[in-house]
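Reading through the structure tokens given below for one structure.
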Amino acid sequence: MAGEPEERAIEAALRPKNLHDFVGQQRVRKQLSLVLEASRLRGRSADHVLMSGPPGLGKTTLAMIIAAEMNAPLRISSGPAIQHAGDLAAILSSLSEGEVLFLDEIHRMSRPAEEMLYMAMEDFRVDIVVGKGAGATAIPLELPSFTLVGATTRAGLLPGPLRDRFGFTGHLEFYSVEELELVLRRSAGLLDLSLTSAGFAEIAGRSRGTPRIANRLLRRVRDWALVHSVSTIDARTASAALDMYEVDARGLDRLDRSVLHALITKFNGGPVGLSTLAIAVGEEPETVETVAEPFLVREGLLGRTPRGRIAMAPAWAHLGLHMPPGAVGAALQPLLPLEEDVCADDFSPEIF
């Protein structure tokens, strides 16, 4: 269709191009702006930057902004794609002066590549080993000055020597509803959509504090409004559209509600082990743990204890169910440990 290239171009434009247009993360924006401005005044490449935080908060966008602000080309790769030191050496040797190298999920890089990256970040050189055994020779390779921007959702998995070589570390926080409304207003303008203030608030309230989700939901609401010939999207229109996509008023999707429903109706609110809970909802344990749990725990709907997962009092209320007085979640509501837990009936190797 003729309109598809234009549509892709509009959706690509939803990413801010500079720090001024980037909404939220005030502390990180101010600190990063200072780092970049100082680098420009010195006439040198910016210090290496590490961005950490949950998915969808803008780590990739900030990497693109850093390259744009420094007027430098951007090279994009990822940790899982660099499994050998040779892979990293090939990328580093092809960089140009001042180029920005963005490595997403940098904590998943192989250990040999990590060790090569230490010297590259600090001294802008790598040693290429030619040959094997006693005849092996290390050939030093000088690298142009570059800026490494690393992104990770699990900063704790980064080895200390690598983490210490970043000149600036920024941690991105979840967005407030008010900040998400600003994100949506900018995106709606780029998509030429008409929404009321209540419509923006309705979508923002279901976006789980994440701009990526907010923009995705906005596009789904746009589709619903187009099909139903709605010119101005208000709260009722947004609610009807998102209800059809099974995103409820609190932002829970089908998987989230399935986990809570199984936990409450099949296990009386818990405690129950992760593997058992995952089997009950027909998902893999990793899916439940990485996709559903973080949001449910953050919202106070699910608790993680040494004996297993439990449903908290707000979860019962959200599903419209009565919480028995003896339920574990009622007694442990004030304070819960968030560490990894083990349940006695779980014997999956992923759990231990």
Side-chain angles (χ1 to χ4, degrees), residues 52-57 59-60 78-83 103-111 151-158 172 174 206-210 212-214 216-217 220 242 244-248 250-312 314-316 318-319 321 327-329 332 336-352:
S52 65
L57 299 186
K59 296 186 292 295
T60 302
S78 65
I82 302 175
Q83 292 303 309
L103 292 182
D104 197 13
E105 295 299 310
I106 191 172
H107 65 271
R108 295 177 61 187
M109 222 174 18
S110 68
R111 180 55 60 86
T152 177
T153 55
R154 305 182 69 181
L157 295 184
L158 281 178
L172 305 188
F174 285 105
R206 302 188 186 208
S207 298
R208 304 165 78 117
T210 307
R212 180 185 295 165
I213 295 176
R216 186 182 73 217
L217 296 183
R220 299 292 72 77
L242 296 177
M244 193 196 75
Y245 287 107
E246 298 184 278
V247 179
D248 66 23
R250 199 161 178 172
L252 275 68
D253 58 19
R254 181 203 59 81
L255 176 60
D256 300 323
R257 289 191 300 275
S258 296
V259 169
L260 293 180
H261 191 267
L263 185 56
I264 290 173
T265 60
K266 296 181 179 180
F267 305 105
N268 196 33
V272 62
L274 175 62
S275 294
T276 304
L277 182 59
I279 292 172
V281 298
E283 298 285 351
E284 293 294 323
E286 293 81 1
T287 302
V288 174
E289 185 175 30
T290 60
V291 178
E293 271 193 0
F295 180 67
L296 295 177
V297 171
R298 185 162 60 90
E299 290 293 296
L301 301 173
L302 182 143
R304 299 170 63 174
T305 76
R307 295 179 58 200
R309 276 63 174 172
I310 63 172
M312 307 303 292
W316 295 75
H318 185 73
L319 297 182
L321 301 173
V328 176
L332 298 182
L336 278 175
L338 300 182
E339 294 80 13
E340 279 298 319
D341 52 82
V342 177
C343 187
D345 63 346
D346 269 324
F347 295 96
S348 169
E350 292 81 11
I351 307 303
F352 285 90

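Numbers here simply count residues along the sequence, with the first being 1.
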| Got a salt bridge between R206 and D248, using NZ or NE/NH1/NH2 to carboxylate O under 4.0 Å? |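 No.
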Looking at [X] and [Y], what are the two nearest heavy atoms and their distance?
X: T210; Y: P55; result: CG2-O, 3.6 Å
X: L263; Y: A311; result: CD2-N, 3.3 Å
X: L260; Y: A315; result: CD2-CB, 4.0 Å

Quick one: list whatever passes side-chain contact (heavy atoms from CB on, under 4.5 Å) with [X], sequence neighbours left out.
X: S78; result: P80, A81, D104
X: A262; result: K266, L277, A280, V281
X: R216; result: I213, R219, R220

Heavy-atom donor-acceptor pair, [X] side chain to [Y] backbone, under 3.5 Å:
X: R250; Y: E299; value: yes
X: T305; Y: R307; value: yes
X: K59; Y: G53; value: yes
X: T265; Y: H261; value: yes

| If you count the non-hydrogen atoms of other residues, nucleotides and ligands that lie under 6.0 Å from CZ in R108, is the total more than 12? |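 Not more than 12 within 6.0 Å, no.
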| field | Test side chain to side chain contact (heavy atoms under 4.5 Å, CB included) applied to M109 and Q83, step by step | value | CA-CA 6 Å; M109 222 174 18; Q83 292 303 309; over 6 Å; no
Hey, does [Y] have a side-chain heavy atom less than 4.5 Å from the side chain of [X]?
X: I264; Y: N268; answer: no
X: V288; Y: E286; answer: no
X: Y245; Y: D253; answer: no
X: L242; Y: L217; answer: yes
X: F295; Y: L301; answer: no
X: L296; Y: R304; answer: no

| Tell me the salt bridge (charged side-chain N to carboxylate O under 4.0 Å, His left out) pairs involving residues 271-285, sequence neighbours left out? | R254-E283
| remark: Separation between CZ (F267) and CD1 (I310), nearest 0.5 Å, reads 14.5 Å
| Between atom CD1 of I106 and atom CG of L157, what is the distance when rounded to the nearest 0.5 Å? |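 One finds 12.5 Å between CD1 of I106 and CG of L157.
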| said: Tell me which one of L172, T152, L158 satisfies side-chain contact (heavy atoms from CB on, under 4.5 Å) with S52. | reply: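 The passing option is T152.
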| request: Please name all residues satisfying salt bridge (Lys or Arg N to Asp or Glu O under 4.0 Å) with E105, sequence neighbours left out, ordered by chain then number. | output: none
| field | side chain to side chain contact (heavy atoms under 4.5 Å, CB included) evaluation trace for M312 with L302 | value | CA-CA 5 Å; M312 307 303 292; L302 182 143; 5.6 Å; no
| Set of residues satisfying side-chain hydrogen bond (donor to acceptor under 3.5 Å, both in side chains) with respect to R154, sequence neighbours excluded | none
| message | Under 6.0 Å from the ring centre and within 45 degrees of the ring axis: does the NZ or CZ of R208 meet both conditions for the six-membered ring of F174? | response | no
